[in-house]
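Below is one structure, written out as structure tokens, with a few remarks after it.
For the numbers below, each heavy atom of this structure counts, side chains included, while hydrogens, waters and symmetry mates do not.
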Amino acid sequence: MEEDRRPEISIKVNSRRGFGGGNVIHPVEVESSPSPTPWPASVNQSQTPSPFREVKHFKKWFPWLIPSFVVADTVLFIITMFVNDCPKNSVSCIATFLGRLSFQPFKENPLLGPSSSTLMKMGALDVSKVVDDHQGWRLITCIWLHGGLFHLLANMLSLLVIGIRLEQEFGFIRIGLLYVISGFGGSLLSALFLQSNISVGASGAVFGLLGGMLSELITNWTIYANKMSALLTLVIIIAINLAVGILPHVDNFAHLGGFSTGFLLGFVFLMRPQFGWVSERYAPAYSRTGPKPKYKTYQRVLWLLSLILVVAGLIAGLVSLLRGVNLNDHCSWCHYMSCVPTSRWSCDTDPVSCLSEQTGNQYTLTCSDSGKNGTYLLDNANQSKIRGLCSQLCR
């Protein structure tokens with residue numbers, strides 16, 4: 001007899017609506033008015049050739065990085081399904097007309113995706129491999145993988161709605177760093193709490209963008225119109241999406257870690273010059289009242305505190321993970337932040353395991369936890385097929 005274990009897949013899912021930025025005032029560029037009027041006689045026109053200047057918006061960047069992320073995630077999902085090769089490695093598949101790209105059975109993966117063993121091969125987050133086998137790269141690679149077609153669509157739609165607006169406003173460098181570092185922060189918190197499952201998904205990084213939007217609103221408070229309405233709308237969106245994370249099989253720790261990291265990074269990367277400084281810089285010489293600070297004091301304080309907190313937090317989390325720390329040992333109630341058990345669902349995420357007995361081409365599988373058993377006739381049996389049958393039997 002042999003024991004077969006299959007780790008649970010924890011996914012990072014989010015579905016939200018974008019937060020529009022149409023009421024934002026971002027002055028930076030100037031140009032001559034199309035209908036100038038005479039200057040006061042006391043002003044030397046030769047010294048200032050453009051007498052009247054119109055304040056324009058900040059430069060708008062062409063968004064190419066976020067769409068590139070969407071293309072990369074989609075291509076990686078197709079590659080993952082090709083490697084999965086369901087017809088060869090499973091007894092039954094969904095959408096068999098897709099050939100190698102067909103999906104695992106619903107009982108094994110309800111998201112229309114690959115098996116957990118395939119995700120492991122492709123770089124899913126597995127704490128034991130990070131700690132014991134020194135595969136720290138999994139903290140980054142897992143944010144580019146998805147557990148299924150539904151998972152991919154939800155995350156990519158959210159990324160497009162939220163990310164394109166931010167990239168247009170702040171450029172690809174700042175938003176790219178915000179996205180990747182937030183994804184790393186989400187993976188780190190997930191690994192510190194969910195250590196028996198594997199985890200994949202980009203929503204920790206997407207939540208980082210959402211956190212960055214909130215801190216950008218706060219640090220640039222004085223240049224927003226309808227401030228309280230914008231803040232209330234954003235807080236409601238965030239609360240709803242975090243509430244979805246209490247459902248089973250959703251990695252809410254990745255959401256919380258990504259959001260927290262992105263919120264702090266927003267104060268660092270997304271700070272804007274104040275309206276008064278920009279206006280003074282481009283105002284006619286005769287109307288200037290004196291130098292004004294580019295940033296307000298509270299912006300500089302938030303920038304420094306956030307930089308210290310995010311660097312210290314990421315270093316402390318990484319050191320704790322590599323030392324094998326399990327934060328559930330220090331917080332007995334924290335698991336409720338990722339799943340709240342009800343009469344309709346269970347939060348049990350222990351890996352599925354079976355005992356198998358073979359007689360010729362007949363296999364008898366028995367669930368280790370419930371004792372439920374089933375008998376199957378398998379030709380050309382392999383470990384992938386047995387794991388799939390075990391998952392379908394015991395779930």
Side-chain angles (χ1 to χ4, degrees), residues 5-15 73 76-77 80 84 104 108-111 113-133 135-152 154-156 158-159 179-208 241-242 244-262 314 317-318 320-322 324-328 334-339 347-352 391:
R5 293 188 175 273
R6 175 184 176 275
E8 187 85 12
I9 304 175
S10 289
I11 62 172
K12 310 169 190 174
V13 179
N14 53 284
S15 58
D73 283 0
L76 278 172
F77 179 73
T80 301
N84 185 65
Q104 296 297 121
E108 183 178 352
N109 188 340
L111 299 173
S115 65
S116 60
S117 59
T118 299
L119 290 172
M120 289 279 290
K121 293 177 185 176
M122 296 298 294
L125 177 59
D126 182 349
V127 175
S128 63
K129 290 188 176 297
V130 173
V131 176
D132 299 330
D133 299 336
Q135 297 180 5
W137 46 267
R138 290 181 178 270
L139 293 166
I140 296 294
T141 56
C142 68
I143 69 177
W144 306 98
L145 302 173
H146 288 84
L149 183 62
F150 296 148
H151 188 201
L152 177 72
N155 278 343
M156 294 304 97
S158 300
L159 177 58
Y179 181 86
V180 174
I181 299 174
S182 295
F184 175 76
S187 298
L188 200 54
L189 190 64
S190 172
L192 287 168
F193 278 102
L194 302 179
Q195 303 199 344
S196 61
N197 306 326
I198 66 172
S199 182
V200 294
S203 59
V206 177
F207 261 89
N241 282 278
L242 288 176
V244 172
I246 66 174
L247 297 174
H249 310 301
V250 178
D251 187 355
N252 209 30
F253 287 114
H255 297 174
L256 292 168
F259 176 81
S260 301
T261 305
L314 292 176
L318 186 59
S320 298
L321 176 62
L322 296 179
V325 173
N326 186 339
L327 289 185
N328 290 296
C334 284
H335 62 278
Y336 291 117
M337 292 192 294
S338 187
C339 183
C347 292
D348 184 14
T349 59
D350 291 336
V352 174
S391 176

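- Side-chain atoms of Q195 come within 3.5 Å of backbone N or O of V325 as a donor-acceptor pair.
- The distance from atom CE of M120 to atom CD1 of I198, rounded to the nearest 0.5 Å, is 6.0 Å.
- When the side-chain contact (heavy atoms from CB on, under 4.5 Å) test is applied to D132, the partners found at least two apart in sequence or on another chain are S128.
- Between S199 and the options L139, V127, D251, a side-chain contact (heavy atoms from CB on, under 4.5 Å) holds for only D251.
- In this structure T141 satisfies the side-chain hydrogen bond (donor to acceptor under 3.5 Å, both in side chains) test with no other residue, sequence neighbours excluded.
- Every residue two or more places apart in sequence or in another chain that forms a side-chain contact (heavy atoms from CB on, under 4.5 Å) with L192 is listed here: S320, L321, L327.
- Note that CG of N328 and CG of L194 are 7.5 Å apart. Values are rounded to the nearest 0.5 Å.
- The closest side-chain heavy-atom distance from F193 to S338 is not below 4.5 Å.
- Here S260 pairs with nothing under the side-chain hydrogen bond (donor to acceptor under 3.5 Å, both in side chains) rule; sequence neighbours left out.
- The minimum heavy-atom distance linking S115 with E108 is given by the pair CB-OE2, 3.4 Å.
- The OG atom of S203 sits 9.0 Å away from the CE atom of M156 when rounded to the nearest 0.5 Å.
- Listed by chain and number, the residues in a ring-ring contact (aromatic ring centres under 6.0 Å, His included) with F184 amount to none (sequence neighbours excluded).
- Residue L125 comes nearest to S190 through the heavy atom pair CD2-OG, 4.3 Å, listed as atom of the first residue, atom of the second, then distance.
- The structure places CE of M337 at 6.0 Å from CG of L256, a figure rounded to the nearest 0.5 Å.
- Pairing each heavy atom of N155 with each of A202, the nearest pair is ND2-N, 3.5 Å.
- The nearest pair of heavy atoms linking G185 to T261 is CA-OG1, 3.6 Å.
- Judged as a ring-ring contact (aromatic ring centres under 6.0 Å, His included), and not counting sequence neighbours, F259 has no contacts.
- Put simply, OG on S117 and CE on M122 are 12.0 Å apart, with the number rounded to the nearest 0.5 Å.
- Classified by interplanar angle (parallel below 30°, tilted 30° to 60°, perpendicular above 60°), the ring pair Y179/W144 is tilted.
- The CG atom of N241 sits 7.0 Å away from atom OG of S158, with the distance rounded to the nearest 0.5 Å.
- Looking only at side-chain heavy atoms (C-beta outward), S187 and I140 stay at 4.5 Å or farther from each other.
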Residues H255, F207; criterion ring-ring contact (aromatic ring centres under 6.0 Å, His included); working and verdict: CA-CA 6 Å; H255 297 174; F207 261 89; 4.6 Å; yes

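- Applying the side-chain contact (heavy atoms from CB on, under 4.5 Å) test between L152 and each of L111, D73, T80 identifies D73 as the sole match.
- Across H146 and P114, no two heavy atoms sit closer than the pair O-CD, 4.4 Å.
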